[in-house]
Amino acid sequence: MAEEKKTNAAPAKAVTAVKKDETELGFFQKVGKWFREMKSELKKVVWPTPKALRNNTLVSLGMMVASAIVIWGFDEFAQMVVQLIFKIAR
């Protein structure tokens with residue numbers, strides 16, 4: 001028969017959380033902290049190259065023009081249908 005291996009695992013120790021300083025910041029300290037955090041986050045941003053920005057802008061403008069044309073077409077079609085209904089109703 002196979003021997004059973006016994007492991008002597010030590011029980012996990014209780015972990016105590018370290019409390020942060022819970023003192024209330026003043027208004028200007030909060031504003032200063034907000035600007036410091038915003039500056040550090042903006043350093044993490046990967047800004048697009050001018051070429052990528054131009055391409056993305058042109059694609060966006062093209063899609064807006066195409067969407068406007070499609071909406072205009074549906075509007076014209078709906079207007080024709082409504083006018084036809086009014087002509088028939090007379």
Side-chain angles (χ1 to χ4, degrees):
M1 295 202 168
E3 292 182 30
E4 293 182 25
K5 292 185 180 181
K6 293 183 181 180
T7 57
N8 293 331
K13 293 182 181 179
V15 178
T16 57
V18 177
K19 290 185 178 181
K20 291 186 177 181
D21 189 351
E22 295 183 10
T23 58
E24 185 67 28
L25 296 176
F27 174 75
F28 291 108
Q29 290 173 330
K30 287 181 184 178
V31 171
K33 181 181 176 186
W34 183 80
F35 275 109
R36 282 190 303 276
E37 290 175 356
M38 181 182 63
K39 184 178 176 183
S40 71
E41 288 297 321
L42 284 175
K43 288 180 181 179
K44 298 176 188 177
V45 174
V46 178
W47 298 99
T49 63
K51 184 178 179 181
L53 181 64
R54 183 178 57 247
N55 288 340
N56 292 343
T57 302
L58 291 175
V59 168
S60 297
L61 290 174
M63 289 304 297
M64 283 189 276
V65 168
S67 298
I69 291 171
V70 168
I71 291 172
W72 172 78
F74 282 128
D75 183 53
E76 288 294 318
F77 178 72
Q79 183 179 2
M80 287 174 26
V81 169
V82 169
Q83 287 178 354
L84 181 64
I85 291 173
F86 280 137
K87 281 184 183 180
I88 293 173
R90 284 188 193 175

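Each residue takes its place number in the sequence, starting with 1.
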- Item | Partners passing salt bridge (charged side-chain N to carboxylate O under 4.0 Å, His left out) against Glu76 (at least two apart in sequence or in another chain) |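 Salt bridge (charged side-chain N to carboxylate O under 4.0 Å, His left out) list for Glu76, sorted by chain: empty.
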- Taking only residues two or more places apart in sequence or in another chain, which ones pass salt bridge (charged side-chain N to carboxylate O under 4.0 Å, His left out) with Lys39?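 Lys39 satisfies salt bridge (charged side-chain N to carboxylate O under 4.0 Å, His left out) with no other residue.
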- If Ile, Leu, Val, Met, Phe, Trp and Tyr residues are connected whenever their side-chain heavy atoms lie under 4.5 Å apart, and connections chain through other members, are Phe74 and Ile69 in the same group?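 Phe74 and Ile69: separate clusters.
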Once side chain to side chain contact (heavy atoms under 4.5 Å, CB included) is applied, do any residues pair with [X], and if so which ones, sequence neighbours excluded?
{"X": "Ile71", "value": "none"}
{"X": "Val45", "value": "Leu42, Trp47"}
{"X": "Phe35", "value": "Val31, Met38"}

- Task: List for me each residue that meets side-chain hydrogen bond (donor to acceptor under 3.5 Å, both in side chains) alongside Lys33, sequence neighbours excluded, and say none if there are none.
- Result: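 Scan of Lys33 (side-chain hydrogen bond (donor to acceptor under 3.5 Å, both in side chains), adjacent residues dropped) gives none.
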- Partners meeting side-chain hydrogen bond (donor to acceptor under 3.5 Å, both in side chains) with Glu41 (sequence neighbours left out):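 Result, side-chain hydrogen bond (donor to acceptor under 3.5 Å, both in side chains) vs Glu41: Lys44.
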Whichever hydrophobic residues join [X] through chains of side-chain contacts under 4.5 Å:
{"X": "Val81", "value": "Phe77, Ile85"}
{"X": "Leu25", "value": "none"}
{"X": "Trp72", "value": "none"}

- What side-chain hydrogen bond (donor to acceptor under 3.5 Å, both in side chains) pairs are there with at least one residue in residues 49-68, not counting sequence neighbours?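 Not a single pair qualifies under side-chain hydrogen bond (donor to acceptor under 3.5 Å, both in side chains).
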- With a 4.5 Å heavy-atom cut-off, do Lys30 and Glu24 have their side chains touching?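 Of all side-chain heavy-atom pairs linking Glu24 with Lys30, at least one is under 4.5 Å.
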